[in-house]
Amino acid sequence: QVQLVESGGGLVQPGGSLRLSCAASGSIFSVSTMGWFRQALGKQRELVAIIGNNGFTQYADSVKGRFTISRDNDKNTIDLQMSGLKPEDAAVYSCYALIKTNRAAAPSDYWGQGTQVTVSS
C-alpha cells in the first residue's frame with residue numbers, strides 16, 4: 001500500500017551535479033524520518049543523508065558539504081542535491097522512510113527500489 005519511488009539518477013562526469021527525488025504515496029498517516037542510502041557494487045549499504053519532519057538533518061562525513069537533503073512535508077517528498085560528484089559516489093541510491101499507516105500503529109520501514117548514479121568521464 002505504501003510506495004516510495006525515486007527518480008533523477010543517471011550518468012554524470014566527475015565534478016558534476018545531480019538531483020535525486022523520492023515520493024512516498026499510499027496509505028500514509030504520518031511520515032517521520034526520511035533519507036537516502038547508497039550501495040556500491042561489492043560494498044555494504046551506507047547512510048548518505050537523513051532528515052526528520054522537523055528539518056533535522058544528518059549526513060555521512062564523505063558527502064558533507066557536497067550533498068544537501070531537503071523535504072516537503074505536505075507532499076511527502078525528499079530531494080538530494082548532489083554536487084562535486086566523485087567516482088566513489090557511484091552507487092545505487094535508495095530512498096527510505098519511517099511511516100505510520102494509521103494513528104494507532106507503530107511506524108514501519110519502507111524502501112524504494114533504488115536509482116543508479118554513475119560518475120565517470
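We number each residue from 1, following the sequence as shown. Any value given below was found using the heavy atoms of this structure, including those in side chains, with hydrogens, waters and symmetry copies removed.
Across all their heavy atoms, Phe29 and Thr101 have their closest contact at CB-C, 3.6 Å. When all heavy atoms of Leu80 and Ala49 are compared, the closest pair comes out as CD1-CB, 4.3 Å. Asn76 approaches Met34 most closely through the heavy-atom pair O-CE, 4.1 Å. Here the closest non-hydrogen pair linking Ala97 and Leu4 is N-CD1, 3.7 Å. Listed here is the closest heavy atom pair of Arg71 and Ile51: NH1-O, 3.0 Å. Shortest non-hydrogen contact noted between Val48 and Val63 is O-CG2, 3.7 Å.
Applying the salt bridge (Lys or Arg N to Asp or Glu O under 4.0 Å) test to every pair with at least one member in residues 9-22, sequence neighbours left out, gives these pairs: Arg19-Asp79. Each ring-ring contact (aromatic ring centres under 6.0 Å, His included) pair with one or both residues in residues 41-67, not counting sequence neighbours, would appear here, but there are none. Sequence neighbours left out, the pairs with a member in residues 2-38 that pass disulfide bond (SG atoms under 2.5 Å apart) are Cys22-Cys95. Pairs of residues two or more places apart, or lying in two chains, that qualify as salt bridge (Lys or Arg N to Asp or Glu O under 4.0 Å) and include a residue from residues 41-56 are Arg38-Glu46. Listed by first and then second residue, the disulfide bond (SG atoms under 2.5 Å apart) pairs that reach into residues 23-82 come to none, sequence neighbours excluded. Under the salt bridge (Lys or Arg N to Asp or Glu O under 4.0 Å) criterion, no residue pair touches residues 25-36, with sequence neighbours excluded. Sequence neighbours left out, the pairs with a member in residues 105-121 that pass side-chain hydrogen bond (donor to acceptor under 3.5 Å, both in side chains) are Tyr96-Asp109.
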Could you walk me through whether Met82 and Leu20 pass the side-chain contact (heavy atoms from CB on, under 4.5 Å) test, one step at a time?
-> CA-CA 8 Å; Met82 304 182 294; Leu20 306 182; 3.8 Å; yes
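Transitive grouping of hydrophobic side chains (ILVMFWY, heavy atoms separated by less than 4.5 Å) keeps Val92 and Phe37 in distinct clusters.
At a threshold of 4.5 Å between non-hydrogen side-chain atoms, the residues Ser94 and Glu6 count as touching.
Annotation: side-chain contact (heavy atoms from CB on, under 4.5 Å) contacts of Lys75 (sequence neighbours excluded): Asp72, Thr77. Partners of Val12 under the side-chain contact (heavy atoms from CB on, under 4.5 Å) rule, at least two apart in sequence or in another chain, are Leu18, Leu85, Val119. Evaluation of the side-chain contact (heavy atoms from CB on, under 4.5 Å) rule for Ser30 yields Lys100 as partners, not counting sequence neighbours. Remark: Asp61 engages Lys64 in a side chain to side chain donor-acceptor pair (under 3.5 Å) (not counting sequence neighbours). Evaluation of the side-chain contact (heavy atoms from CB on, under 4.5 Å) rule for Ser17 yields Gln81, Ser83 as partners, not counting sequence neighbours.
Checked by atom type and distance alone, the side chain of Ser32 pairs as donor or acceptor with a backbone atom of Leu98 at under 3.5 Å. Formation of a donor-acceptor pair under 3.5 Å by the Asn73 side chain with backbone atoms of Asn53 is found in this model.
The CD1 atom of Ile28 lies 10.5 Å from the CD atom of Gln1; values are rounded to the nearest 0.5 Å. Rounded to the nearest 0.5 Å, atoms OG1 (Thr57) and CD1 (Ile50) are 8.5 Å apart.
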